[in-house]
Amino acid sequence: MNENIAKEVKKFERGDCAENGVFYQAMEEVIYSIAPLLESDEIYTRYAILERLVVPDRVIKFKVTWLDDNNNIQVNTGYRVQFNNALGPYKGGLRFHPTVTEGILKFLGFEQILKNALTGLPIGGGKGGSDFDPKGKSDFEVMKFCSSFMTELHKYIGPRIDVPAGDIGVGSREIGYLFGEYKKITSSYEGVLTGKPFMFGGSLMRPEATGYGAVYFTETMLEMERKEPLTGKICTVSGAGNVALHAIEKLQQIGAVAVSCTDSKGTIYDSRGVDLELLKDIKLNRRASLEEYVKTHPEAQYIPVAEYPEGAHAVWDIPCYAAFPCATQNELNETDAHNLITNGCVSVTEGANMPSTPEAIVAIQSHGLCFAPAKAANAGGVAVSEFEMSQNASMSRWSFAKVDTKLKETMQQICKRVALTAKDYGVEGNYVDGANIAGFKKVADAMIAEGI
Ligand code: NDP
């Protein structure tokens, strides 16, 4: 790294950034990655793109009060981080989870800018959410929370301004309640949220898009790197939510054997392949713990988090050809990476946002495994969200087949663009650097053209 880049990195190690661990982690990766670009063209430094890109346009923080089923008043904090709209309206999910903080949303929003740029679609980056936990709440409580959240959020969003979607804890139920409240307040039936149920403007395939897209990306990457395809291969998947369920579904459709899933309490290992119908029933219908799985399939293994040695995760110790971390940030650490390598894993695809720690990525890449970073591999969700915006704007409906074809093409294009960019900048095979450079360049060029 040359002296100027070292200075850039140093600059961001202070104050606010240092307090926001995951935000700094995401930023640091990008700054290191784009070093060849900054070295090859001084325009990005002259226009202070980095300094401008790492500060959100605005962070909106608000109080959300709601009544629980016992008529007690509850108070949560809501956020919307509108990070960058150089390429189009702010776009990114809402996360409802007790761990949500401004720092986490800044990390997710920052990643979203470059991810959205990689899709080639006209969307900027943002993220939002609340420390509200939908788990264990009744439908009415979730509805009341969503109504109160939207009472404040509606002031800042719009189909040409900022278009939120779902993320952890926010599925079509929550999006439906949020949309209903927005409509009530504004009397306007418009595509202000994506991930809506199909019956009122949602796109077919939005629920499947992120998981399917991650598998499409992996197929293309393996082909480009001249590795064997996924068909017939053992794959491990973490998570048991939207992304994980649909990654498992697509893997099964192409003839791969997905043998695992996880939730916050434990891991299921079913060597014959996960029973997806049962899994959907447990997680989507009953919203129950994965422990339920072994009641129907006693031959499968349930490994509670508490019973696995600290510092590693059971799911990454299962021998596999390809691994798909699809749960949450930093769920695959250096020890996990070494377990994957020792067990002969060939490819790791990030379905979740930043699930691998920086040390894990170094280990994976230095041992020659293919590594697909989140901002490229999980961009399928936001791509189909943009397709939903297009359908809403033209009051049209696309068929499942049309969305699927466009999603597959988009993921293949992203993969090829990332690989080509890496080659152009002398880091062939490094999909992390390729994604960061390609995404950054697209946003930076727009920022330069739009003036300061
Ligand atoms: P969901 O809320 O649908 O599911 C999250 C899953 O991960 C749940 O099964 C949850 O378990 C599990 N989980 C959460 N925290 C942990 C943890 N600390 N350890 C183990 N498991 C955990 O979320 P999504 O599937 O939508 O999102 C998953 C990831 O994908 C996130 O990083 C999200 O930002 C990213 N993503 C999602 C997109 C989308 O379209 N939904 C688009 C792009 C990225 P439990 O059931 O116990 O809570």
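Computed from a predicted model, the values in this text were never measured in an experiment. Counting starts at 1 for both ligands and their atoms, in listed order.
- In terms of protein heavy-atom proximity, atom 3 (O) of ligand 1 is nearest to Asn242 N, 2.9 Å.
- Panel note: side chain Gln82, backbone Tyr156; a donor-acceptor pair is recorded below 3.5 Å.
- At under 3.5 Å, not a single nitrogen or oxygen of Leu108, backbone or side chain, sits near a nitrogen or oxygen of ligand 1.
- Here Glu292 pairs with Arg286 in a salt bridge; the nearest charged N to carboxylate O distance falls below 4.0 Å.
- Protein heavy atom in closest approach to atom 9 (O) of ligand 1: Ala240 N, 3.1 Å.
- Counted within 6.0 Å of OH on Tyr189, heavy atoms from surrounding residues, nucleotides or ligands total more than 12; the atom is thus considered enclosed.
- With a heavy-atom cut-off of 4.0 Å, Lys375 does not touch ligand 1 at all.
- Stacking of Lys61 on the aromatic ring of Tyr79 is not recorded, the 6.0 Å distance cut-off and the 45° axial limit not both being met.
- Of the N or O atoms in Lys265, none lie within a sub-3.5 Å distance of an N or O in ligand 1.
- Here the protein heavy atom with the shortest distance to atom 27 (O) of ligand 1 is Ile168 CG1, 3.6 Å.
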Could you walk me through whether Phe149 and Phe132 satisfy the ring-ring contact (aromatic ring centres under 6.0 Å, His included) test, starting with their C-alpha distance in whole Å, then the side-chain angles of each, then the deciding distance to 0.1 Å, before giving a yes or no? CA-CA 10 Å; Phe149 185 85; Phe132 170 74; 9.1 Å; no
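- The shortest N or O to N or O distance between Thr328 and ligand 1 is not below 3.5 Å.
- Using a 4.0 Å cut-off between heavy atoms, Glu331 makes no contact with ligand 1 at all.
- At a 4.0 Å heavy-atom cut-off, ligand 1 does not touch Ala374 at all.
- Near Ala352, the atoms of ligand 1 lying under 4.0 angstrom from a non-hydrogen atom of the residue are 29 (C), 30 (O), 32 (O), 35 (C).
- Looking at Glu291 and Lys265, no side-chain N of the basic residue comes within less than 4.0 Å of a carboxylate O on the acidic one, giving no salt bridge.
- Checked by atom type and distance alone, the side chain of Lys283 never pairs as donor or acceptor with a backbone atom of Gly241 at under 3.5 Å.
- Here Glu152 does not pair with Lys63 in a salt bridge; the nearest charged N to carboxylate O distance is not below 4.0 Å.
- Counting only distance, with no hydrogens or angles, the side chain of Asn333 and the backbone of Thr335 share a donor-acceptor pair below 3.5 Å.
- Of the protein's non-hydrogen atoms, Gly241 CA, 3.2 Å is the one closest to atom 4 (O) of ligand 1.
- Contact annotation: His97 has no heavy atom less than 4.0 Å from any atom of ligand 1.
- Residue contacts with ligand 1 include Cys326, since one of its heavy atoms falls under 4.0 Å from the ligand.
- With sequence neighbours left out, Arg52 forms a salt bridge (Lys or Arg N to Asp or Glu O under 4.0 Å) with no residue at all.
- Between Arg206 and ligand 1, an N or O atom pair is found at a separation short of 3.5 Å.
- For atom 29 (C) of ligand 1, the closest non-hydrogen atom on the protein side is Ala327 O, 3.3 Å.
- Applying the salt bridge (Lys or Arg N to Asp or Glu O under 4.0 Å) criterion to Glu111, with sequence neighbours excluded, gives Lys375.
- Not a single heavy atom of Gln329 sits under 4.0 Å from any atom of ligand 1.
- Counting only heavy atoms of the protein, atom 37 (C) of ligand 1 lies nearest to Val243 CG2, 3.4 Å.
- Classification of the Phe83-Phe23 ring pair by plane angle, with boundaries at 30° and 60°, yields tilted.
- Close approach of ligand 1 to Gly169 (heavy-atom distance below 4.0 Å) involves ligand atoms 2 (O).
- Of the protein's non-hydrogen atoms, Lys283 NZ, 3.3 Å is the one closest to atom 46 (O) of ligand 1.
- In this structure a side-chain-to-backbone donor-acceptor pair under 3.5 Å is present from Arg397 to Phe198.
- Of all the listed residues (Ile282, Leu245, Thr210, Thr267), Thr210 holds the heavy atom that lies closest to atom 43 (C) of ligand 1.
- Among all non-hydrogen protein atoms, the one lying nearest atom 20 (C) of ligand 1 is Asp263 O, 3.4 Å.
- Atom numbering of ligand 1 starts at 1 in the shown order; those under 4.0 Å from a heavy atom of Arg95 are 31 (C), 32 (O), 33 (C), 34 (O).
- Residue contacts with ligand 1, taken as heavy atom pairs separated by less than 4.0 Å, involve Asn353 via backbone and side-chain atoms alike.
- Taking a cutoff of 4.0 Å between a charged side-chain nitrogen and a carboxylate oxygen, Lys441 and Asp445 qualify as a salt bridge.
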